[in-house]
Every structure is written in C-alpha cells, then in structure tokens.
Amino acid sequence: MGLDALSYAGLMADAQDPATPPLPGELAPLDPATRPYGAPVSDAEALGVARRHARLQAAHGRKGAGAVPDELPAPEARVAMAAWRLAPRVLARARAKAELEGVTMTQVITDALSAYASSSPGAQVQYRALTGGVHATASGPVTRLPDVTRRARADASEIGRD
C-alpha cells in the first residue's frame, strides 16, 4: 500500500493541530538549505521527524506502529528494536570483533549511532584506536556540502532582499 504525494500531504496536514505550529521535519523531510550550517540535529528536528515517521508507519498499517510522540524519549528509556540491512561480511566481522572485545552488538551500534547523531550534517564520524578498545569520535564538517545545497542556501538568503 503506497501513499501518493497528495495523500501524504493530506495525512500530515490532518494530523497537525492548527493551534500548534509544526516542528521542523514534521510535515516534510528536513531541508538542509533552511537550517543553520554546521549545527547538529536539534531536539525539535528529531521530534518532528519522529512524529512524521510515526504517522507514516500508522498510515501504512505497520505492526507495532505506536502513538505519535509528544516528546523525545528520555535518555534512560528502554532500548527499541530496530532492523537494518547490512552487508553479511561486515556483520560477521563486527560480531567477531565485538565478541573479542566482550561487548554486545547493541553497544557497538549505539556508540556508532550516538557519535553520528551528535555530529553536524556533512561531518564524517571518525574512529580512533585507543588502548582498551576503539571509540567513535565525531569530527566537524570535513566534507563540503554539495554545490546544490550551497546554492539553495544562498538563494534562500536572498529571498526578500529587494
């Protein structure tokens, strides 16, 4: 069951409380041209995307689609099950390394995703080998944004400057 663009827009508009302005990313995907350059994802952006994702899951009739969240989960909230497709060779090597280090794959993935999520869009997460294990560290933006994104930001900053 797919949603066409018109149904999707209607779903998002119907779900929005008119008295409350929508959060960034709640009605449509986040646009890099409209956000502060170099800033990590904000709590408002994360919640807006989570709310949009929850509505889409419910609209598709997915099992386990929960309620639309009103706030981000607490840091100590129960771990959520998630599934991604991974290359079998990478997964086998990661499991073997985690076993050698005496850590779980949940710890490995949580550390990596935490470093990724706390870095700025466009930044590359780098890993350093330290005594006692490998730790993920987030670096600043080390790659340039695509020219299209830079042009869109420049165009957006020119709006209303006549």
Side-chain angles (χ1 to χ4, degrees), residues 1-3 7-17 19-32 34-143 145 149:
M1 168 169 122
L3 288 175
S7 300
Y8 173 78
L11 171 71
M12 293 298 125
D14 289 344
Q16 181 61 41
D17 178 5
T20 308
L23 294 169
E26 186 168 2
L27 302 180
L30 294 170
D31 179 5
T34 61
R35 63 180 316 278
Y37 178 73
V41 171
S42 69
D43 286 351
E45 290 170 320
L47 180 57
V49 170
R51 292 175 60 83
R52 180 170 40 88
H53 190 267
R55 287 189 185 107
L56 287 172
Q57 293 295 309
H60 284 285
R62 299 278 164 81
K63 289 182 182 177
V68 175
D70 291 327
E71 59 187 13
L72 287 177
E76 66 278 356
R78 186 174 175 206
V79 176
M81 289 290 286
W84 288 277
R85 291 177 181 87
L86 301 170
R89 185 178 182 99
V90 171
L91 184 57
R93 287 182 173 272
R95 283 181 176 151
K97 184 171 189 235
E99 186 175 288
L100 286 169
E101 293 178 345
V103 298
T104 65
M105 285 299 293
T106 298
Q107 290 169 309
V108 171
I109 293 167
T110 298
D111 289 347
L113 286 178
S114 293
Y116 176 78
S118 65
S119 66
S120 301
Q124 291 181 346
V125 177
Q126 299 177 348
Y127 294 87
R128 293 185 297 155
L130 301 174
T131 306
V134 174
H135 303 276
T137 58
S139 66
V142 293
T143 56
L145 289 172
T149 304

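Only heavy atoms go into these numbers, but all of them, side chains included; no hydrogens, no water, no symmetry mates.
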ask   = Can you name the nearest heavy-atom pair linking L27 to R52, along with the distance?
value = C-CD, 4.1 Å
note = Looking only at heavy atoms, the pair that brings A98 and V108 closest together is CB-CG2, 4.1 Å
remark   = Rounded to the nearest 0.5 angstrom, the CD1-CG distance for I109 and L86 is 6.5 Å
Enclosure of Q107 CD (heavy-atom neighbours >12, cutoff 6.0 Å) = yes
query = What heavy-atom pair brings R35 and P121 nearest, and what distance separates the two atoms?
reply = NH1-CG, 3.4 Å
task = Find out whether Q124 and S119 are in side-chain contact, i.e. whether some heavy atom of one side chain is under 4.5 Å from a heavy atom of the other.
result = no
request  = Write down the atom of A46, the atom of V41, and the distance for their closest heavy-atom approach.
outcome  = N-CG1, 3.9 Å
message = Can a donor-acceptor pair be found, under 3.5 Å and without considering hydrogens, that links the side chain of R51 to the backbone of P69?
response = yes
request  = Look at the side chain of S42 and the backbone N and O of E45, then say whether any donor-acceptor pair between them is shorter than 3.5 Å.
outcome  = yes
ask   = How many angstroms lie between atom CG of L56 and atom CZ of R62, to the nearest 0.5 angstrom?
value = 9.0 Å
ask   = In Å and rounded to the nearest 0.5 Å, what is the NZ to CE distance from K97 to M105?
value = 10.5 Å
